[in-house]
Amino acid sequence: MESKYLPIGFMDSGIGGLSVLREAVLEMPCENYIFYGDNGNAPYGEKSEDEIFALTLKCGEHLMNEGIKMLVIACNTMTTIAVHALRDRYNIPVISIEPAIKPALTAPESRKVIVMATPATISQNRYLSLKNRVGHSERLIDIPCSGLAGLIEKGNFTSDEIAEYVENKLVPFRNEDISGLVIGCTHYSFITPLIKKISARVFGHEIGIYDGLYGTVKQINRVLQERSLLNDSREHGTIRLMSSGDDRSLDLMKKILDSKSISD
Ligand code: DGL
């Protein structure tokens, strides 16, 4: 089969990457997609670097065995630890996501910016060098959100437990001059409406929300075009879901894909 008709492989530690996949389907509906969620091992964010590295390579292998034309790392934590290794290993394009601190720090009237991400993402050198590259890092407030992806993985994106968690993380900064918040983990994209609501209450005004998923989807589209890999069929493509978790994980993944928007 010609490469352009092969599926695009997406992976994440669990359901988080579906937020990126859903946006990709909206932008490129004629592509075929395979999503691999490592729900059986999620969350990754509190695991050791070695463990995350090994699990990420395994996920990559699962997708490569399916025959894909592009690999999308729809997980900030996987990116930070293993993107280089995956790029070295495979000769197809490997696209990744990382926290959208640049648009947040360079937006007009940008002041202090909160970054919510997993402890693994925030502690890694890759994130530190991103901060050095972008500059203005004295205006960043990093909040490692240990356990939050695990709560989201349960599938109720408006639970009191999650609302309380987010509020407790933001309240210590209520007297800071905050202009924006970066969603630095693809799981958190599902609770963006809740984060918006709680941050408006805590800071007394609305703040800008910055999510790297939109830039990642644009990048997927750009690279497919540059390499003549866009699927030129006029029909809607297919989505195949794979998971290392149980049937409940797969049911939840289907439900998320069937819902109309991230806030559903
Ligand atoms: N969705 C992931 C991310 O973007 C990781 C969440 C986790 O497994 O802790 O960082």
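Order of listing sets the numbers, starting from 1, for every ligand and every atom in it. Values in this document were obtained by computation on a predicted structure and should not be read as measured data. Basis for what follows: all heavy atoms, side chains included, without hydrogens, waters or symmetry-related copies.
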**Q** Any idea which part of Ala149 is under 4.0 Å from ligand 1, heavy-atom wise: side chain, backbone, both or neither?
**A** side chain

**Q** Check Ser13 against ligand 1 and report side chain, backbone, both or neither, counting heavy atoms closer than 4.0 Å.
**A**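 Contact part for Ser13 vs ligand 1: side chain (C-beta onward).
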
**Q** Where is the nearest protein heavy atom to atom 2 (C) of ligand 1: which residue, which atom, and how far?
**A** Cys75 SG, 3.2 Å

**Q** Using 4.0 Å as the upper bound for N to carboxylate O, is an ion pair formed by Glu176 and Arg111?
**A**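 Salt bridge flag = no for Glu176 with Arg111.
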
**Q** Can you confirm whether or not the ring centre of Phe10 sits under 6.0 Å from the ring centre of Tyr33?
**A**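 When the ring centroids of Phe10 and Tyr33 are compared, they turn out to be within the sub-6.0 Å range.
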
**Q** Find all atoms of ligand 1 within a distance of less than 4.0 Å from any non-hydrogen atom belonging to Cys185, and give their numbers and elements.
**A**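 Contacts of ligand 1 toward Cys185, numbered from 1: 1 (N), 2 (C), 3 (C), 4 (O), 5 (C), 6 (C), 10 (O).
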
**Q** Any nitrogen or oxygen of Asn76, main chain or side chain, under 3.5 Å from a nitrogen or oxygen of ligand 1?
**A** yes

**Q** Check each heavy atom of Ile97 against ligand 1 and say whether those closer than 4.0 Å belong to the side chain, the backbone, both or neither.
**A**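 Neither; no heavy atom under 4.0 Å.
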
**Q** Can you tell me if NZ on Lys169 sees more than 12 non-hydrogen neighbours from other groups inside 6.0 Å?
**A** yes

**Q** Which residue holds the protein heavy atom closest to atom 7 (C) of ligand 1, what is that atom called, and what is the gap in Å?
**A**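 Ranked first by proximity to atom 7 (C) of ligand 1 is Tyr44 N, 3.3 Å.
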
**Q** Any idea which protein heavy atom is nearest atom 10 (O) of ligand 1, and the distance to it?
**A**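 Nearest neighbour among protein heavy atoms for atom 10 (O) of ligand 1, to 0.1 Å: Thr77 OG1, 2.6 Å.
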
**Q** Does ligand 1 have a heavy atom under 4.0 Å from the side chain of Thr186, from its backbone, from both, or from neither?
**A**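 It is both backbone and side chain that touch ligand 1.
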
**Q** At a 4.0 Å threshold, what atoms of ligand 1 neighbour a non-hydrogen atom of His187?
**A**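 Those atoms are 1 (N), 2 (C), 6 (C).
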
**Q** One thing to verify: whether Asp38 and Lys58 come together as a salt bridge, which I'm taking to mean a side-chain N less than 4.0 angstrom from a carboxylate O.
**A** no

**Q** Taking Asp177 first and then Lys112, would you say they form a salt bridge - that is, a charged N and a carboxylate O separated by under 4.0 Å?
**A** no

**Q** Test your reading of the structure: does Thr118 have an N or O sitting under 3.5 Å from an N or O of ligand 1?
**A** no

**Q** Do Lys69 and Glu31 pass the salt bridge (charged side-chain N to carboxylate O under 4.0 Å, His left out) test, and can you show the C-alpha distance, the side-chain angles, and the key distance before you say yes or no?
**A** CA-CA 11 Å; Lys69 63 180 175 183; Glu31 295 294 338; 2.6 Å; yes

**Q** So which protein heavy atom does atom 9 (O) of ligand 1 come closest to, and at what separation?
**A**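 Sorting protein heavy atoms by distance from atom 9 (O) of ligand 1 puts Gly45 N, 2.8 Å first.
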
**Q** I need the atoms of ligand 1 closer than 4.0 Å to a non-hydrogen atom of Asp12, numbered in the order shown.
**A** 1 (N), 2 (C)

**Q** Output all residues satisfying side-chain contact (heavy atoms from CB on, under 4.5 Å) with Ala85, sequence neighbours left out; order by chain, then residue number.
**A**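 If we apply the side-chain contact (heavy atoms from CB on, under 4.5 Å) test to Ala85, skipping adjacent residues, the hits are Phe53, Leu57.
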
**Q** Hey, quick one: are Leu130 and Leu86 part of the same hydrophobic cluster, counting side-chain heavy atoms closer than 4.5 Å, chains of contacts allowed?
**A**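 Different hydrophobic clusters.
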
**Q** Report yes or no: do Thr80 and Thr121 form a side-chain donor-acceptor pair below 3.5 Å?
**A** no

